[in-house]
Chemist: 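Take this structure, written in structure tokens, and hold onto it; I'll ask about it next.
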Amino acid sequence: MTAPGRTTAGIVPARTLRELAAIWHRQLQLPDAEPAHPAAREALTRWTDSSPLRRTAAAVLAHLEATARPLDSVCLHGGPVIGSHYSDTVWQSGIGFGWRHYRSISHHLKEGTDWFEIVRPARIQPLHTLHITVQDRSALPRL
């Protein structure tokens with residue numbers, strides 16, 4: 001038997017987390033854009049120019065720049081934009097592509113402030129993004 005609001009896989013659905021007031025989420029459609037910050041542009045070199053992941057990373061990094069988020073506390077698809085995996089940085093903003101790091105979301109929100117999940121990175125299709133913001137860390141599930 002599972003606890004209320006939990007699935008048998010142990011993953012708490014976003015709807016339940018929202019009902020518990022643990023998170024707030026909204027859908028965004030990111031426009032194509034290029035970041036201006038040199039560190040953000042350097043982070044894009046992880047992918048080739050024709051890669052849908054590069055297009056996706058550029059759009060989300062440009063969005064973060066436009067909303068004045070510090071890039072030194074951003075974890076982009078498993079890697080820091082600035083710095084090292086081995087630093088003591090608390091990643092305030094996490095970014096995932098295609099649900100590859102979905103199991104990291106709850107863990108990330110225990111310390112960070114938000115998560116951007118680009119549902120289906122694509123070369124030309126719209127970049128539908130789920131923006132999840134933590135509201136009450138005490139209501140998040142224990143890991």
Side-chain angles (χ1 to χ4, degrees), residues 1-48 51-123 125-143:
M1 186 158 197
T2 59
R6 286 196 176 266
T7 66
T8 55
I11 299 170
V12 181
R15 178 178 164 180
T16 301
L17 289 174
R18 190 166 181 174
E19 289 167 357
L20 293 171
I23 65 166
W24 177 80
H25 61 85
R26 66 184 176 135
Q27 181 181 344
L28 304 171
Q29 186 169 319
L30 297 176
D32 284 331
E34 289 290 323
H37 193 284
R41 297 183 73 70
E42 176 65 25
L44 296 178
T45 63
R46 291 168 50 184
W47 301 281
T48 63
S51 170
L53 297 181
R54 189 208 179 280
R55 174 184 177 237
T56 302
V60 73
L61 289 172
H63 174 77
L64 293 178
E65 283 182 352
T67 56
R69 289 202 185 356
L71 295 179
D72 61 348
S73 64
V74 174
C75 184
L76 173 65
H77 196 54
V81 173
I82 297 174
S84 165
H85 282 288
Y86 305 106
S87 69
D88 291 335
T89 302
V90 173
W91 309 114
Q92 295 301 314
S93 298
I95 301 167
F97 303 157
W99 297 108
R100 181 163 182 223
H101 298 286
Y102 75 93
R103 291 183 185 268
S104 301
I105 296 172
S106 183
H107 175 74
H108 170 80
L109 293 177
K110 286 291 189 178
E111 294 181 353
T113 57
D114 52 2
W115 184 273
F116 294 84
E117 185 66 37
I118 297 76
V119 179
R120 185 173 295 148
R123 285 189 197 150
Q125 295 176 342
L127 297 173
H128 298 290
T129 304
L130 181 63
H131 178 204
I132 302 169
T133 305
V134 69
Q135 297 296 304
D136 180 4
R137 282 184 178 79
S138 67
L140 290 170
R142 284 187 281 251
L143 303 174

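Note that the numbering runs from 1 along the sequence shown for the chain.
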Chemist: With the side chain counted from C-beta on, respond yes when L76 and F97 share a heavy-atom pair under 4.5 Å apart, and no when they do not.
Modeler: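 Yes, close enough: below the 4.5 Å cut-off.
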Chemist: For V74, does its backbone N or O pair with a side-chain atom of S93 as donor and acceptor, under 3.5 Å?
Modeler: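 Not a single qualifying donor-acceptor pair exists.
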Chemist: Given side chains that start at C-beta, do those of F116 and L30 come closer than 4.5 Å, heavy atoms only?
Modeler: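 SC-SC contact between F116 and L30 ruled out.
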Chemist: Got more than 12 heavy atoms from elsewhere within 6.0 Å of CD, Q125?
Modeler: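 Check fails, neighbour count at 12 or below.
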Chemist: Which atoms form the tightest heavy-atom contact between A57 and W47, and what is the distance?
Modeler: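 Looks like CB-CZ3, 3.5 Å.
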Chemist: Is there a side-chain contact between L44 and P35 in this structure, where contact means two heavy atoms from C-beta onward sitting under 4.5 Å apart?
Modeler: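 Counting from C-beta outward, L44 and P35 do come under 4.5 Å.
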Chemist: What is the distance from atom CZ of R120 to atom OG1 of T56, rounded to the nearest 0.5 Å?
Modeler: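 These two atoms lie 12.0 Å from each other.
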Chemist: Minimum heavy-atom separation for P31 and A59, please, with both atom names.
Modeler: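 Heavy atoms of P31 and A59 come nearest at O-CB, 3.4 Å.
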Chemist: Filter on side chain to side chain donor-acceptor pair (under 3.5 Å), then keep only pairs touching residues 34-46, sequence neighbours left out; what's left?
Modeler: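 The answer is E34-R54.
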Chemist: With no hydrogens and no angle check, is any side-chain donor or acceptor of R137 less than 3.5 Å from a backbone partner on K110?
Modeler: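 Yes.
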Chemist: For a 4.5 angstrom cut-off between non-hydrogen side-chain atoms, does H128 reach Q27?
Modeler: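 The answer is yes; the side chains approach within 4.5 Å.
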Chemist: With side chain to side chain donor-acceptor pair (under 3.5 Å) as the rule and sequence neighbours excluded, what pairs involving residues 57-67 come up?
Modeler: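 Those involving residues 57-67 do not exist here.
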Chemist: With I23 as reference, evaluate L109, T133, D136 under the side-chain contact (heavy atoms from CB on, under 4.5 Å) test and give the passing residue.
Modeler: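 The residue from L109, T133, D136 that satisfies side-chain contact (heavy atoms from CB on, under 4.5 Å) with I23 turns out to be L109.
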Chemist: Could you check whether any side-chain heavy atom of V81 comes within less than 4.5 Å of a side-chain heavy atom of L64, counting everything from C-beta outward?
Modeler: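 In short, these two side chains do not touch, never coming nearer than 4.5 Å.
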Chemist: Grab the two heavy atoms, one from L61 and one from A40, that are nearest each other, plus how far apart they are.
Modeler: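 Minimum heavy-atom contact is CD1-O, 3.8 Å.
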Chemist: From the options I118, V60, D32, select the one residue that forms a side-chain contact (heavy atoms from CB on, under 4.5 Å) with R55.
Modeler: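 Considering I118, V60, D32, a side-chain contact (heavy atoms from CB on, under 4.5 Å) with R55 is found only for D32.
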Chemist: Considering only heavy atoms from C-beta outward, does the side chain of H25 approach that of I132 to under 4.5 Å?
Modeler: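 Side-chain contact under 4.5 Å: yes.
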